[in-house]
4 protein chains.
Amino acid sequence: MTEIAKEESTTRLEAISDGVFAVALTLLVLDIHVPQSDRGHLAGELLARLPHLFAFALSFLIVAFYWTAHHVLFNSIRRSNRLLLWVNCSHLFFVVLLPFSTGVLAEYRSEPIAVVVYGVNVIMCSLTLIALWIYVARNGLIVAHLSERSVRIVVYRLSVNPIVCVIALCVAFVSPHAATLLYLVTPIWYVFTGPAAAAGDSGFWPLQWRGKARNPRAGR
Amino acid sequence: MTEIAKEESTTRLEAISDGVFAVALTLLVLDIHVPQSDRGHLAGELLARLPHLFAFALSFLIVAFYWTAHHVLFNSIRRSNRLLLWVNCSHLFFVVLLPFSTGVLAEYRSEPIAVVVYGVNVIMCSLTLIALWIYVARNGLIVAHLSERSVRIVVYRLSVNPIVCVIALCVAFVSPHAATLLYLVTPIWYVFTGPAAAAGDSGFWPLQWRGKARNPRAGR
Amino acid sequence: MTEIAKEESTTRLEAISDGVFAVALTLLVLDIHVPQSDRGHLAGELLARLPHLFAFALSFLIVAFYWTAHHVLFNSIRRSNRLLLWVNCSHLFFVVLLPFSTGVLAEYRSEPIAVVVYGVNVIMCSLTLIALWIYVARNGLIVAHLSERSVRIVVYRLSVNPIVCVIALCVAFVSPHAATLLYLVTPIWYVFTGPAAAAGDSGFWPLQWRGKARNPRAGR
Amino acid sequence: MTEIAKEESTTRLEAISDGVFAVALTLLVLDIHVPQSDRGHLAGELLARLPHLFAFALSFLIVAFYWTAHHVLFNSIRRSNRLLLWVNCSHLFFVVLLPFSTGVLAEYRSEPIAVVVYGVNVIMCSLTLIALWIYVARNGLIVAHLSERSVRIVVYRLSVNPIVCVIALCVAFVSPHAATLLYLVTPIWYVFTGPAAAAGDSGFWPLQWRGKARNPRAGR
């Protein structure tokens, strides 16, 4: 941090983002309403909440995925500027909307429109994150040792999720439930992709199996 | 941080502010109630929520604007004292009230009083932030290299938003919707004003086109 | 941070506390329900919410007061241990309860019991904070240059609030509204007490007018 | 922090966890609904909320316990990697679910199913934390001076809570209230176990009475 002035540090940018992600993760649970004891048998009430629990788990996974991606991207971002604050805010905007879209999906799970609303929200989260990455790469805010090719691979990998979501949007009009399951595919793929030490070497995951020590730190 | 004692550091002041801003940003979404599936058609229910979605987007932009301004101001604030904690709290007080005012604006969007309540809330956010800036400048809590004139330009720029809001208050009695659109003007102007690298040079944005290397760091 | 091991650092203790304070400050606003447009005239609805707004402002001031006190106390706390985590949690427990007590006070403002519930909650916040301070002072977790007498003065000053609250509890049975106003007295006294630079010298406010340079840093 | 690259630092991992724990702690209070003044006498309404207040206190203690354990474990974790982010997220998932389970327990306190739902949630919190600890120990992410035996003792101690919970699950079908009280046993035991300075020596509590200076730092 010594060579980076306070004005250029990403500390507070990461702090507000962590705060928003943490609150968004926790607000998701508010949508699973606690059953009232005068309304009926508990077992039945809990079973009726299973779709909300599933939607909660799906959205928790998706928000956690965006937090992880945000975290890994910022490992390669060394400086900040004022426009980056706003690009980041546009990403947070769609993350904050996810609890609402999740509620709509849980309530109207057999209607294509609900699945489309949810999918568009997830796509916007991805597009704003890709825009953020392209912006920092174009404006020299990333670490010096990241090659052009590595930057592009990150864009390709971040594009997998919105592409799968567009497919899910089409599927939604045939089978809303199949489309909902499709939303699970990419986050789960991201969890298990690459070796465990991924974040530890090059600052971003794809570089590791293909980058071949292009990164001076990789030899550690 | 080496030359600044823990007592004078602004670290926790920025931490509590980031926390409050993050929660305020996220609570805004709670006001867009998820439609209940037994109440009617989803498309109609979603259309009925468009004004709430617009109010959410407007307030998200405004809270993000105050967070950005807070962030940029604190880049120039090097020391803290006990009264600054309280001046900062008075700013946070009006930020925390924004989700309530947003709800009122969304519910009663054609009533002048709702637009006035919202505008007064935004004006108070600006006035407390201006008070904070004048307080730190008068009490020598800012970085040494900031000139008198730079401090004054910051005050002028922060004053644009409350002045536009006062105009919106008058317009509200003729057309509440036009007044609501006026609230969007300043935040959007702030987003696109000045080059992208603004936060990176002098610690505050206006200095950059007018300050002419008055700032020792500007030559970097 | 160099001379203090990660195990003894108070960083995460302060982080979780800042988080809880930030959320508590923001949750208070949830109690001011947004009026529904089909329920009646906005002006009347807003007037009916004035007691809730007053209770919100009172509780915001009180939570901000405890955050400030927590912040100033931790400026003098240099090391942490596991029992301190729990003493701190007991303080946070009563801070987190304040939004509930605030709601009770706003709803039942003319009933002595509501005023008593609120007062007992505030008293418990103070007692747990005093316990925290005595614990760290007795166990050598504070900075070395703090004298016995300074430690005691802090206890005396922290005791003012619970004593005023006990008086308010008695007044509540005669006039609940007068008792509610009494709760405002100490926080406002704390805001204006001592010169602005207080937090900057000795790590705690009272030492400043009475401590007479007992503190090696005071000469700065 | 000098020898650990930003990619491997656990700073943001701890930040998001602190945020989630702070919000979870505070959301618990939302379940104690403020009585409405038109519904009846305040004293009676408050008495009717005592079970919710008890459930709130129980869950606050349990979430605080997991935060403390998380904090103490991470004192011994020196590096992070991408899979650790996800293991940590699975722990946070069950922590975030606790406010819901708490609400179910408070509403249906005499039904075995409610007690079972709550117990299973707590067991999952423990199992994911044990998995996290075993993962970091197996992958060399912990501090070097921690012996095999110390790592195992930590696992044993973390296992006490889920074992007591399994017993509580069986008891629940005989007496739900006795089972609920059983949930209190381990957190209270953890609070008072070991001397106050525990977190200060070896990075984890059990090592202290049995580790006998196996830890190079213990001599400080």
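We name chains A, B, ... by the order of the sequence lines, and we start the count at 1 in each one. These figures come from a predicted structure and were not determined experimentally.
In this structure, chain D has heavy atoms under 4.5 Å from both the backbone and the side chain of A:Leu61. Both the backbone and the side chain of A:Phe21 come within contact range of chain D, judged by heavy atoms closer than 4.5 Å. Using a 4.5 Å cut-off between heavy atoms, D:Leu27 touches chain A through its side chain atoms alone. In this structure, chain A has a heavy atom under 4.5 Å from the side chain of D:Glu111, while its backbone stays farther away. Interface remark: A:Ala57 contributes backbone and side-chain atoms alike to the contact with chain D (heavy atom separation under 4.5 Å). Proximity to chain A is absent for every atom of D:Val95, based on heavy atoms less than 4.5 angstrom apart. Heavy-atom distances place both the backbone and the side chain of D:Leu13 under 4.5 Å from chain A. Contacts between D:Asp31 and chain A at a heavy-atom distance below 4.5 Å involve the side chain alone, from C-beta outward.
Of all the listed residues (A:Leu42, A:Leu46, A:Leu53), the one sharing the greatest number of non-hydrogen pairs under 4.5 Å with chain D is A:Leu42. For the set A:Leu30, A:Leu25, A:Asp18, the count of heavy-atom pairs under 4.5 angstrom toward chain D peaks at A:Asp18.
Side-chain N/O atoms of D:Ser59 and D:Tyr118 include a donor and acceptor closer than 3.5 Å.
Checked against a 6.0 Å centroid threshold, the rings of A:Tyr66 and A:His70 do not count as neighbours. Between A:Phe56 and D:Phe93, the ring center distance clears the sub-6.0 Å criterion.
Side chain of D:Ser90 to main chain of D:Val87: a donor-acceptor pair is present (N/O by atom type, distance under 3.5 Å, no hydrogens or angles). Although no hydrogens or angles enter the test, the distance criterion places no donor-acceptor pair under 3.5 Å between the side chain of D:Arg138 and the main chain of D:Tyr135. Although no hydrogens or angles enter the test, the distance criterion places a donor-acceptor pair under 3.5 Å between the side chain of A:Asn81 and the main chain of A:Leu83. Of the possible donor and acceptor atoms, one in the side chain of D:Trp133 sits under 3.5 Å from a partner among the backbone N and O of D:Val151.
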